[in-house]
Every structure is written in C-alpha cells, then in structure tokens.
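Here's the structure, in structure tokens; my notes come after.
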Amino acid sequence: MLLLTSSRDALLAPLQSVSGIVEKRHTLPILSNVLIEKLGDTLTLLATDIEIQITTHQISQGGGEDASITVGARKLQDILRALPDGEVSLLLDDKRLTLKAGKSRYNLQTLPAADYPRMQLNTGESLTLRLPQKDFRRQLAQVAYAMAAQDIRYYLNGLLMQVMGTELRLVATDGHRLALSSNTLEEEFQKTEVILPRKTVLELTRQLADSDDPVEIVITGNQACFRFGPIELITKLIDGKFPDYERVIPQGNPKLVTVHRASLLSALQRAAILTNEKFRGLRVVLEAGLLRIISSNAEQEEAQEELEISYSGDSLELGFNVTYLLDVLNNVVTDTVEIHLNEPMSSALFTLPGNEQFKAVVMPMRI
Amino acid sequence: MPRRRIAHLDMDAFYASVELLRYPQLRGQPVVIGGRSVDAPRQTGDGNWHYARLRDYVGRGVITTATYEARALGVGSAMGIMKAARLAPNAVLLPVDFDAYRHYSRLFKAAVRAIAPLIEDRGIDEIYLDLTELPGEARALGQSLKDAVRAATGLSCSIGISPNKLLAKICSDLEKPDGLTVLEMDEIPARIWPLPVRKVNGIGPKAEEKLAALGIHNIGELAACSPWWLQEHFGSNYGGWLHEAAHGRDQRPVVTYSEPKSVSRETTFERDLHARTDRNQLSEIFTRLCQRVAGDLERKGVLGRTIGIKLRYEDFSTVTRDLSLPEATADAGMIRRAAGECLKRVELGKRLRLLGVRVSQLESRSQQNSTGPQPGEQAGLPF
C-alpha cells in the first residue's frame with residue numbers, strides 16, 4: 001500500500017524538524033520512533049520525548065492512501081540524508097515500512113501509531129500572543145546561554161518567560177550570571193509567568209526562522225505551545241518558583257566603561273587561551289582610559305591584552321570566568337557595550353547603549 | 001632523619017576469627033563469613049548447634065572472609081558463595097556481623113595505641129605504626145604488640161617491621177598467620193626479590209599481567225629493569241614507582257589522621273531489578289540509601305558537595321555519575337534529588353544488580369560557616 005511519494009527534501013526537512021528531540025536513550029522503545037500520519041493530502045510528522053512534542057503538517061501531493069504508522073526516527077533520517085535528492089516513496093505492508101528511491105529499497109520495522117504517546121494541549125484558560133519569529137529568536141539568543149544545565153535547583157535549568165502588560169521578558173540564570181531580554185508586544189496582557197525547560201529553549205533557538213513571519217505562543221496550565229511555519233511545538237513547563245532576579249541586578253554601579261564590543265571580544269578570546277582550563281579565570285584591570293586583561297595558567301604562561309576605553313574613574317581590578325564574558329559579548333550585536341562596575345567582589349552589569357531591553361549580570365571570581 | 005622503623009599490623013582472618021570467639025566449637029573447621037542473618041547458627045532443643053552449610057546456600061552473596069582451613073580448600077574472600085559451595089560444600093556459613101567486627105577493631109587498635117601511639121588506620125583490620133621513636137629492639141617490640149592484641153581480644157595478628165610502609169606491608173604477609181617478620185634493607189635481595197610481583201601493594205592484576213608479558217615475574221626481575229625502560233612501558237609516574245618499589249624504597253609517612261574523602265552506601269539486590277517494572281521497590285531502596293548516607297554524614301559532622309550514584313547492571317558492567325551542588329549538604333532529601341538527577345543520565349533499559357550513593361567533596365560543618373571564597377572560586381548571585 002502506497003503511503004506517499006515525495007521529493008527527498010520535502011520529507012527530510014519536516015523529519016529533521018521533529019526528530020531533534022528524540023532521545024537516544026529511554027525506557028519506552030516507541031519513543032525513538034517518529035509518527036507518520038497521512039490523512040487526505042495532509043502529511044503529519046510527530047515526535048515526542050514525553051516532555052516536548054513537535055508536529056509538522058504539510059500538504060502532500062504524492063497521492064497514496066490514508067494511514068498512520070511509527071518508525072525509527074534516526075534510521076529514517078539517516079537513510080534519507082544519505083540518498084541523493086530525487087523521488088522517494090513510502091509503502092506500508094502489514095508491519096513493514098518500505099522506502100523506495102531509484103534502485104534503493106529499505107525495509108524498516110514499525111510500531112503501531114495507536115501506541116504512540118501523544119500530548120494534547122490543555123483546554124481551559126489560556127493566553128495567546130504573537131510576535132515576529134526573528135524578534136523572539138533574538139530574545140532567546142540573548143539569554144539562553146545563561147541557563148543552568150544540570151542544576152539541582154531544577155527551576156534554573158530553563159528560562160523564565162514573563163508577560164507583563166505589553167512587555168515580554170525572558171530571564172535566564174545559572175546562579176553565577178544572569179541575562180534578561182525584553183520586547184514590546186502589540187497587545188496588552190495580564191501578568192503571566194512560566195519557566196520553559198532548557199531543551200525546549202534550545203529546540204526553539206534551533207528552529208525559529210530569522211523572518212518577520214509570526215510565532216504564536218499559547219500558555220495554558222502547565223503547558224506552552226509554539227506555532228510557527230509548519231511547526232507546532234508543545235512543551236511541559238517547569239513547575240517551580242524562579243528566584244527573584246530583580247534584586248540581583250545591580251542599581252547604580254558607579255564605574256561605567258564603554259568599550260568596542262568586537263575588540264573586547266577578540267582580546268578576551270586570545271587571553272582565554274592561557275587561562276586555567278578548569279577555572280577559566282582571568283584578571284581585568286581598569287585604569288583611566290585603559291582596560292588590561294591578564295591571564296595565566298598552571299604552567300606559569302601569561303597573556304596580557306590592552307584596550308583603550310572611555311573611562312575616567314578610579315582604578316579597579318577584578319577577576320572573571322572568561323566564558324561568562326564571552327557568552328555575553330557573543331550574543332549581542334551592537335558595536336559597543338557598556339559595563340557598569342563597582343567593587344572587586346560585586347557584580348558587573350552589561351548593557352547596550354540606548355537600549356533598556358537587555359541586561360546581563362556576571363558575578364566575579366576570586367583570582 | 002633517623003632511620004625509620006615502620007610496622008604493618010594485619011589481623012589474621014579477622015571476621016572469621018571474631019566469629020570463632022563466639023563459636024569456639026567451630027575451631028579447626030572450614031568456616032566462611034558472608035551469609036545473611038537467616039544463616040545464623042541455631043541451638044536445637046537437645047542443646048546441639050545447627051549450622052548453615054555452604055551446600056545449602058542459594059543466593060548471590062559473596063564471601064568476606066574464610067578461615068585458614070577453608071582457604072586450604074581453595075575458598076577465598078570476594079568469591080561467590082554458590083561457587084565456594086562447590087569447593088567446600090561442608091564448610092560452615094556464618095552471617096556477617098559488622099557491629100561485632102567494629103567492636104573488636106576498636107579493642108585491638110586501643111591495645112596497640114597504648115604501646116605505639118603513631119597509628120595510621122587502614123581499615124577495620126589493618127594499621128601502620130611508626131615505631132621509630134620507641135625504645136627497644138624491633139622483634140621484642142613486635143612481640144609485645146602481638147601479646148597486647150591477644151590479651152585485649154583473644155585474636156592473633158601478623159606484623160611486619162621494616163624501614164618503610166611498602167616493605168612492612170609485604171613482611172606482615174610473609175609468615176601469616178600469627179607471624180612476626182623483621183626486615184632490614186640489606187635483606188631485600190635475599191627475602192623480597194624472590195617473591196612474585198603481586199606481593200607489592202600497588203601492583204595489581206593488570207600490572208602483573210603486563211609485567212608477565214614482558215617476562216617479569218618476581219620482584220628481583222623487576223629490580224633488574226632500568227628505570228627508563230619501565231617508564232617507557234608504564235608511563236613516567238608508575239614506571240618510576242615500580243623501580244623504587246622493587247628496590248624497597250618508599251618515603252610515605254605514617255599518616256595518623258586523615259579526613260574522610262567520601263561517604264557512601266551501596267546495596268546488591270536479592271534479585272536483579274528493572275527500572276521500569278520494579279520502579280517502586282528501586283525508588284524505596286534508593287531513598288533509604290540516601291537516608292543512610294545522610295545519617296553517616298551527620299555522625300561524622302561533615303557536609304558534602306558532590307553527590308554520585310553507582311549502578312551495576314546484570315552483566316556486571318558498572319557506571320557512575322555525579323554532580324556538584326552549589327552548596328554542601330547532609331540533607332537526605334537534597335541528596336535524593338541530586339542522586340535522582342544523576343540517575344537520569346544513565347541507561348535504565350538493563351536490569352540492575354547494585355545501586356550505590358556516594359557523597360564526596362566533604363567539608364566540616366564548622367568550616368562551612370567560617371571560610372569565605374577561595375581563589376578560583378566563582379561568586380554566586382546574591383538571590
């Protein structure tokens with residue numbers, strides 16, 4: 001029975017969209033599969049890891065009969081990727097899925113679609129907002145790096161999404177640094193806040209397009225749903241209380257340094273080569289008109305970089321994990337950045353000139 | 001620096017010997033320790049004792065200690081009890097009673113300490129002693145230590161006395177049981193070099209195998225190898241150490257006090273368990289292990305920052321995972337959550353035979369309150 005005929009790319013693209021969340025290891029074998037559903041001329045692909053579900057819908061002109069089946073996502077993707085571009089047919093016979101392309105023929109094991117765990121979006125009270133994909137994508141990029149990865153404070157292994165009036169604010173922190181990015185929405189909403197899991201954030205960063213096309217965000221109960229292009233992503237939310245981040249954003253740090261972003265970035269990248277691999281610490285020395293960066297490693301090798309800056313205050317020396325500084329500088333796009341400093345062991349605030357919508361806070365390191 | 005005089009004292013078949021104090025009627029018979037409490041001897045109505053025999057054992061336990069009579073039949077520690085039963089079906093099986101062993105351990109160490117106060121604790125049944133400052137001839141000193149141990153516990157031990165820990169450890173094994181061996185540096189060629197390389201503490205089965213492949217079987221052959229050749233084959237550190245060890249050179253001091261590095265608890269299940277089908281049972285065991293580790297931390301007055309798990313699968317492959325907390329803890333709930341996080345990073349498709357929980361990067365409770373950030377320490381956001 002013919003399921004569908006399509007070009008290789010028309011099948012591979014949606015498959016790649018959904019299969020990124022398929023985990024390599026899990027307790028349920030069916031979770032390594034992707035669900036393929038053909039209904040009329042709509043082809044639906046769906047994958048889930050129980051926490052996140054991604055679905056793509058597209059029009060399939062390839063004819064074929066209605067059916068649904070699940071098959072190993074990674075294998076199907078690997079086969080399609082290795083085939084030359086051209087026409088591909090999927091045929092379903094009893095419990096086997098056959099993929100035909102030119103003179104290639106692959107028989108794959110399947111599991112019944114009825115056994116596939118599907119997430120349903122909660123019904124009930126919900127909030128729906130829309131904004132251009134590229135705006136949301138940029139906002140995510142500005143903060144995602146500051147998320148914790150495997151912290152016992154599970155609510156930090158994600159990103160706080162706050163809707164307040166017409167403001168959409170994203171905040172991430174791993175307890176050592178914090179990043180905040182806000183954006184203005186066209187409508188006004190009541191205050192809502194949720195924590196998106198880390199994996200969801202990484203998946204969105206990967207899939208959102210740099211375009212003016214909208215992304216629709218629905219928040220309902222313990223779920224959020226993101227719809228953009230042919231993709232629908234449903235995710236569970238992290239149930240926890242995000243820390244009160246406002247209190248760790250320093251107010252009125254007196255020492256303001258304005259510095260050319262790309263110059264500081266490349267100086268730090270060079271100096272990073274000679275930092276201790278474990279601590280990644282380097283010293284930043286501030287003098288009138290001059291910023292010095294000094295690093296050294298366990299072999300007593302030493303790097304020194306100097307940058308001319310606009311600064312006229314007292315001199316100051318402090319230590320940082322260079323990774324944290326690089327993350328901030330790598331994920332903003334302005335020519336200059338402003339660094340607000342205070343004492344050697346107090347936090348540094350990074351802002352962008354004339355822009356109230358981005359803030360990053362980095363705690364120092366004792367060197 | 002005066003020439004050092006170091007002793008290694010090793011209790012003879014310790015667990016088994018303690019059990020024989022309790023059941024003296026078993027003396028002279030093959031006895032192994034490693035059973036469960038159901039294997040405890042029972043006195044029947046007519047006053048006779050009934051003992052569990054190896055041949056009746058069904059289970060997965062391993063032997064912790066065997067009497068010398070049992071060892072003569074080829075039975076040894078770490079051997080599976082079912083396997084041992086094939087070698088010595090009539091040997092008596094006794095349950096493990098750690099409380100009793102700890103009690104006798106304290107007794108013998110106290111007796112030794114009264115004579116030689118510089119003691120390095122190497123576990124429940126062995127210690128190193130620094131006798132350098134003590135008056136008297138080595139052999140007489142060794143005999144008085146042995147007498148003191150016997151008077152305090154009724155147990156025998158073996159002692160090696162030599163200029164360093166490495167040689168002392170080899171010597172305590174030379175005349176076991178109830179041995180006393182004194183060795184000077186000039187006796188190394190005659191008494192140490194003929195021994196197989198495995199007698200050196202630090203040469204394990206892997207190194208032994210590699211050495212054998214290179215044609216080196218005894219310590220003398222090892223001593224004849226040039227240091228650079230050994231370093232070529234075993235790396236600069238281990239190769240260099242092999243050379244020093246073969247010549248009986250060892251500068252390590254007797255460390256009389258050491259902080260615990262980690263606290264751990266583990267358990268082997270009665271039958272292999274599966275993460276999915278035995279989820280509740282596993283979860284209960286897991287929680288209990290965390291509670292026991294937390295109790296250990298509490299008793300030792302320490303907190304730990306790194307929480308780790310250990311899993312052994314049905315095929316005996318073992319994996320460990322750990323993660324570090326932002327702050328040290330001794331809280332069972334915290335440890336359970338962290339260990340739970342670790343568990344998400346391992347494969348749970350195969351059946352499990354062992355689960356363990358370990359807490360390391362320990363710090364004392366007082367230290368936790370008093371010190372500020374150390375160099376290289378990343379400051380945290382003041383939430």
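Just the heavy atoms: all of them, side chains too, but no hydrogens, waters or symmetry mates, feed the values below. Naming convention: chains lettered A, B, ... in sequence-line order (proteins, then strands); numbering from 1 in each chain.
Here the side chains of A/Arg247 and B/Pro382 are not in contact, with every heavy-atom distance at 4.5 Å or above.
Contact tally against chain A (heavy-atom pairs below 4.5 Å) for B/Met334, B/Glu347, B/Arg345: the top residue is B/Arg345.
Here the closest non-hydrogen pair linking A/Gly175 and B/Phe383 is CA-CE1, 4.3 Å. Of all non-hydrogen atoms in B/Ala379 and A/His176, the two that sit nearest each other are O-ND1, 3.4 Å.
Contact annotation for A/Asn321: both backbone and side-chain heavy atoms come within less than 4.5 Å of a heavy atom of chain B. Using a 4.5 Å cut-off between heavy atoms, B/Arg337 contacts chain A through both its backbone and its side chain. Heavy-atom distances place the side chain of A/Arg153, and not its backbone, under 4.5 Å from chain B. Heavy atoms of A/Tyr324 lying under 4.5 Å from chain B belong exclusively to its side chain.
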Pairs under 3.5 angstrom only: tabulate donor-acceptor contacts from the side chains of residues 337-345 of chain A to other protein residues two or more places apart or in another chain.
from, atom 1, to, atom 2, distance (Å)
A/Glu338, OE1, A/Thr351, OG1, 2.8
A/His340, NE2, A/Thr351, OG1, 2.8

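From B/Glu341, atom CD reaches atom CG of A/Asp151 across 9.0 Å, with rounding to the nearest 0.5 Å. Taking CG from B/Leu381 and CG from A/Leu178, the interatomic distance works out to 6.0 Å, rounded to the nearest 0.5 Å. The CD atom of B/Gln378 sits 8.0 Å away from atom CG of A/Asp174, with the distance rounded to the nearest 0.5 Å.
Residue A/Lys255 qualifies as enclosed at atom NZ: its count of foreign heavy atoms under 6.0 Å is above 12.
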